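Taking it in order: structure first as structure tokens, then the write-up.
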Amino acid sequence: MKTITYFNDGWSYRRGNFPEFKAIAKAQTYNDIKTGQLLPFLELETSARYFHSVTLPHDYVIGDRPDKEKNVSEGYLEGDEAWYLKRFRLSEENADKQLFLHFEGIAIESEIYFNGTLLRRNFSAYNPITVDITDFVRFDKVNVLAVHAKQAKQPEGWWYQGGGIYRDIKLIAAEKLSTDIFGIYVKPEKRADSDTWDVKIETTLRNDSMADKNATVISTITDKNNNEIASTKSDCTVEFKDKFIHKQSLTVDSPLLWDTDSPNLYTLKTEVYDSEEKVEETTTRFGFRTIKFDGDKGFFLNGKNIKLKGFCAHQDYGLTGIYLPRRVAKYRLELMKRMGANAYRSAHNLSDENTMSFCDEMGILVYDETRYYSSSPEALSYVKDMLLRDRNHPSVILWSIGNEERIQHLDTGVRIAETMTAYVKKFDDRPTTVACHSDAGVENNIITKAVDVASMNYSLVKHELFHNMYPDKAVILSESCALQTSRGVFFGDDETRNLFDARDHVPNPSAFNGYSRTETWRHVMKYDWLCGSFIWAGIEHRGETWYPRLSSQSGLVDLYLLPKEAYYHTMSQYSEKPMVHICPSSWNFKGLEGVEIPVEVYTNCDSAELFLNGKSFGKVLYRDYEPCKWTVPFTEGELLAIAYDKDGNELCRDTIATTKEPIALKLICETNDVTNDGHDSIVYTCVCLDKDGREVPDADPEVLFEVSGGILLGTGSSVTDHNPPPCNTRKMYAGKISLCVHIPKGAPKVTVVASSGTLLKGYAEYKF
């Protein structure tokens with residue numbers, strides 16, 4: 001039977017290259033380049049002195065200190081190269097198996113060597129890499145696996161790149177007759193004017209033996225309670241050393257639909273028999289749903305017209321770099337879902353597999369994007385990786401073939417788009433798009449004619465022109481609101497630290513991002529043909545910045561996943577659940593008594609009323625997505641906002657107050673549902689409390705974190721703090737520090753202690 005096991009343990013690592021082992025004699029040169037003879041020094045036990053142990057996945061660049069002289073796009077961090085080494089034995093019971101190593105992601109360029117043979121070169125950080133090691137395995141001695149990871153001479157993106165084996169590795173042991181990697185495709189199609197669905201199934205079988213195989217495939221659909229819904233059985237022949245796509249079809253009546261509110265998932269169980277012997281059983285999740293993009297009315301999910309309330313995000317996490325721990329991937333999406341978002345754009349590359357699965361589970365629609373806009377064989381291979389890996393996800397509604405290409409107005413660009421779109425259609429019939437921009441003029445854009453859905457970044461004033469150019473295509477605002485705001489800054493932009501006022505504002509109205517959040521959402525809601533918006537960005541990423549900042553500040557949550565005022569402003573537009581939030585989120589302005597403070601209240605209710613120490617400053621109607629605004633002379637005390645419905649009934653309230661001096665630290669667990677299977681992490685937020693138990697929003701002590709039973713992956717607070725994330729001491733900024741702790745496999749409990757001078761210690765314990 002096929003087995004899939006994690007292969008993250010037992011690795012060692014070396015930053016930089018090896019001392020040179022120069023071959024001078026012809027015989028040595030001749031021998032060292034033969035199959036099985038490469039890197040001969042790695043076979044020696046003494047080579048271990050060049051390495052030290054490492055826990056994978058990991059990013060070897062994130063621990064560096066930012067250097068002002070390095071690339072601003074990468075947040076003043078630049079990778080060089082590193083080697084990873086794993087020595088392992090395989091038992092004889094695997095001798096008749098087909099063996100694969102599956103790397104979900106290596107940054108950036110990589111070479112994979114196995115037992116002295118180069119098996120694969122790869123030139124992108126984002127595509128999965130599978131290597132067949134069957135022919136090269138040794139069962140009588142130790143196997144040596146080496147991975148060389150290095151930065152490309154030309155950066156792959158204009159954001160933080162990182163480096164290393166930063167996604168999971170798996171060892172796959174299959175029988176000679178098996179399903180191929182990502183070899184199962186489930187395609188439900190709804191019959192017209194009926195609630196009957198035809199489920200087309202393609203099972204790509206591979207026969208790695210030296211003789212033809214007679215295969216039987218049983219495909220069974222089950223619901224969430226493991227009840228059988230439908231099943232089919234059929235036979236085929238797979239020729240030796242070949243692959244065969246076996247096609248089947250099932251019929252399902254009245255299934256529960258997958259949508260953003262009820263993401264119902266079903267499971268396809270695939271059983272493969274080699275003659276009478278069962279050789280594989282595997283499962284694939286999928287969902288029943290319909291999508292439609294209409295040139296007049298926009299986007300429809302299951303026949304219902306909805307707006308895409310989206311966000312863009314890169315893959316990095318402020319505390320671990322491009323390594324995105326599994327539970328952190330989910331937490332990021334939870335924050336966005338809580339805000340009211342229903343859609344995610346994987347900008348500008350293939351996301352990690354965990355994120356895609358969580359989008360399915362949480363009902364988040366995905367605008368799935370490849371890294372390279374090109375019809376070269378290499379670029380198309382990355383497109384194929386995206387399609388084969390992601391086409392069973394019901395969350396995926398679009399395949400994006402590129403972003404902001406400079407040749408969008410040239411015939412060359414059209415030919416590339418036509419080839420890429422045709423290539424996509426060979427694997428899946430979901431619509432294609434390409435995110436365009438206003439460079440060279442929207443009126444000169446011609447590549448959009450080659451895709452199914454029109455996408456435009458920013459350029460609100462040009463949208464009607466764009467739609468009139470392609471009236472049969474729905475339009476998506478694929479990037480919007482790249483507006484820089486900083487957590488905890490309330491008195492204008494801070495030029496010294498290159499930080500920005502937390503309130504929604506447009507520094508340069510003539511720039512590409514010259515529209516406020518209010519203006520943008522008002523624009524989206526005005527036009528039926530405009531499907532929705534993807535905010536740039538939901539989550540801050542490292543890079544695209546200006547010294548001493550480490551991130552661009554255009555996120556709704558900051559680099560360390562701490563919500564900013566922009567998060568609550570967007571919630572007032574995206575969320576249908578009654579909400580209210582006061583900005584500024586601090587009322588600790590001692591020394592500014594009598595100074596008038598601009599106060600904004602974000603709400604989605606009919607009106608809001610503001611009180612200071614019980615005195616009302618009046619009600620303000622919430623209209624046309626404009627925040628409710630007051631000017632309040634500062635006086636110590638309590639600021640209260642109450643939101644009402646149209647009949648004057650209170651729906652919700654928010655309070656901030658002037659706090660006293662901090663006396664204690666507190667650790668808040670943000671991720672409660674974690675496991676000790678070795679692949680989870682806990683995210684904590686450390687805050688200060690005053691004697692009344694209130695969080696002190698401007699506290700800034702230096703805090704020491706001590707962890708037992710787990711591994712501290714990183715700490716972070718200010719985006720201008722250049723101490724590397726792995727540091728266990730951190731100065732608090734704007735009342736918060738974020739930290740992430742890895743949970744080792746089988747750990748009985750994890751404890752964290754936070755201490756700072758005379759403050760009472762913070763303590764957190766997580767038991768399993």
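This is a predicted model, so every value here is computed, not measured.
Between Leu333 and Lys330 the shortest side-chain heavy-atom distance does not fall below 4.5 Å. Taking 4.5 Å as the limit, every side-chain heavy atom of Glu540 sits out of range of all side-chain heavy atoms of Arg549. Put simply, the side chain of Thr320 does not reach to within 4.5 Å of the side chain of Val328, judged on heavy atoms. Looking only at side-chain heavy atoms (C-beta outward), Leu561 and Tyr331 come within less than 4.5 Å of each other. Within the 4.5 Å cutoff, side-chain heavy atoms of Val147 are placed close to those of Phe103. In this structure, Val54 and Ile165 have side chains that are not in contact, with every pair of non-hydrogen atoms separated by 4.5 Å or more. Looking at Trp546 and Gln553, their side chains never come closer than 4.5 Å, going by heavy atoms from C-beta outward. Counting heavy atoms from C-beta outward, Asn498 and Tyr547 have side chains that stay 4.5 Å or more apart.
For Tyr50 and Phe41, the distance between ring centers is not under 6.0 angstrom. Within the 6.0 Å centre-distance limit, the rings of Tyr6 and His679 are counted as a close aromatic pair. Separation of the Phe705 and Tyr684 ring centroids does not fall under the 6.0 Å cut-off.
Within the 3.5 Å criterion, the main-chain N or O of Asn728 finds no donor-acceptor partner in the side chain of Thr715. Checked by atom type and distance alone, the side chain of Asp59 pairs as donor or acceptor with a backbone atom of Gly163 at under 3.5 Å. Listed for the His722 side chain is a donor-acceptor partner under 3.5 Å among the backbone atoms of Pro548. Looking only at distances, a side-chain donor or acceptor of Gln161 sits under 3.5 Å from a matching main-chain atom of Glu156. Within the 3.5 Å criterion, the main-chain N or O of Ala734 finds a donor-acceptor partner in the side chain of Arg487. Under the 3.5 Å distance criterion, the side-chain polar atoms of Tyr166 are matched with a main-chain donor or acceptor of Ala125. In this structure, the side chain of Arg14 engages the main chain of Asn17 through a donor-acceptor pair within 3.5 Å. With hydrogens and angles ignored, the 3.5 Å screen pairs a side-chain donor or acceptor of Ser717 with a backbone N or O of Lys731. No donor-acceptor distance shorter than 3.5 angstrom exists from the side chain of Glu695 to the backbone of Gly735, with no hydrogens or angles considered. Side chain of Lys337 to backbone of Cys359: no donor-acceptor contact under 3.5 angstrom is found.
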Using the side-chain contact (heavy atoms from CB on, under 4.5 Å) rule, take Met336 and Val557 through it: C-alpha gap first, then chi angles, then the decisive distance, then the call.
-> CA-CA 9 Å; Met336 295 295 105; Val557 300; 4.1 Å; yes
Test side-chain contact (heavy atoms from CB on, under 4.5 Å) on Ile401 and Val383 and set out the steps.
-> CA-CA 8 Å; Ile401 61 174; Val383 173; 5.8 Å; no
Starting from the C-alpha separation in whole Å, work towards a yes-or-no answer on side chain to side chain donor-acceptor pair (under 3.5 Å) for Tyr367 and Ser455.
-> CA-CA 11 Å; Tyr367 182 121; Ser455 288; 3.0 Å; yes
Under the ring pair (Phe, Tyr, Trp, His ring centres under 6.0 Å) criterion, do His314 and Trp158 qualify, and how do the steps go?
-> CA-CA 11 Å; His314 284 306; Trp158 51 96; 7.4 Å; no
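Expressed to the nearest 0.5 Å, how far CZ of Arg517 lies from CG of Asp504 amounts to 5.5 Å. Here OG1 of Thr117 is found 13.0 Å from CD1 of Ile112. Values are rounded to the nearest 0.5 Å. Considering CD1 of Ile711 and OG1 of Thr55, their distance stands at 4.5 Å, rounded to 0.5 Å. Summarising the geometry, atom CD1 belonging to Ile108 is positioned 13.0 Å from atom CD belonging to Glu81; distances are rounded to the nearest 0.5 Å. Here the straight-line distance linking atom OH of Tyr567 with atom CD1 of Ile535 works out to 11.5 Å at 0.5 Å rounding. Residue Leu556 holds its CG atom at 7.5 Å from OG1 of Thr485, rounded to the nearest 0.5 Å.
By the salt bridge (charged side-chain N to carboxylate O under 4.0 Å, His left out) test, Arg503 is found to be paired with Asp501, residues two or more places apart in sequence or in another chain being considered. Looking at residues two or more places apart in sequence or on another chain, you find no ring-ring contact (aromatic ring centres under 6.0 Å, His included) involving Tyr763. Here Ser346 pairs with Tyr344, Ser351, Asp368, Glu369 under the side chain to side chain contact (heavy atoms under 4.5 Å, CB included) rule; sequence neighbours left out.
Nearest approach of Pro726 to Ile62, heavy atoms of both residues: CD-O, 4.4 Å. Asn457 and Ser478 make their closest contact through OD1-OG, 2.6 Å (heavy atoms, listed as atom of the first residue, atom of the second, distance). Counting all heavy atoms, side chain and backbone alike, Arg332 lies closest to Ala313 at NH2-CB, 4.1 Å. Nearest approach of Val719 to Leu559, heavy atoms of both residues: CG1-CB, 4.0 Å. Taking each heavy atom of Tyr560 and Ser718 in turn, the nearest pair found is OH-O, 3.5 Å. Met386 and Ser400 get closest at one heavy-atom pair: CE-O, 4.4 Å.
Crowding of Asp9 atom CG: a count of heavy atoms from other residues, nucleotides or ligands under 6.0 Å not exceeding 12. The environment of Lys745 atom NZ is sparse: at most 12 non-hydrogen atoms of other residues, nucleotides or ligands sit within 6.0 angstrom. The number of heavy atoms from other shown groups lying within 6.0 Å of NZ (Lys666) does not exceed 12.
For the 3.5 Å distance criterion, the side chains of His148 and Glu111 qualify, holding a donor opposite an acceptor. A donor-acceptor contact closer than 3.5 angstrom links the side chains of Ser47 and Arg87. No side-chain N or O of Ser552 forms a donor-acceptor pair with one of Gln484 less than 3.5 Å apart. A donor atom on one side chain and an acceptor atom on the other are found under 3.5 Å apart for Tyr84 and His58. Using modelled atom types, one finds no donor on one side chain facing an acceptor on the other under 3.5 Å when comparing Asp558 with Tyr733. For the 3.5 Å distance criterion, the side chains of Ser480 and Thr520 fail to qualify, holding no donor opposite an acceptor.
Note on ring orientation: taking the six-membered ring where Trp is involved, the planes of His348 and Trp159 are tilted (angle from 30° to 60°).
Tested against Arg326, the residues Asp352, Asp680, Thr355, Asp168 include a single side-chain hydrogen bond (donor to acceptor under 3.5 Å, both in side chains) partner, Asp680. None of Tyr160, Tyr126, Tyr317 except one satisfies the side chain to side chain contact (heavy atoms under 4.5 Å, CB included) rule with Ile322; the exception is Tyr160. Among Ile682, Leu739, Leu712, the single residue meeting the side chain to side chain contact (heavy atoms under 4.5 Å, CB included) criterion with Val752 is Leu739.
Under a 4.0 Å N-O distance rule, the pair Glu670/Arg327 does not qualify as a salt bridge. Taking a cutoff of 4.0 Å between a charged side-chain nitrogen and a carboxylate oxygen, Arg345 and Glu479 qualify as a salt bridge. Between Arg167 and Glu353 there is no salt bridge, since no side-chain nitrogen of the basic residue lies less than 4.0 Å from a carboxylate oxygen of the acidic one.
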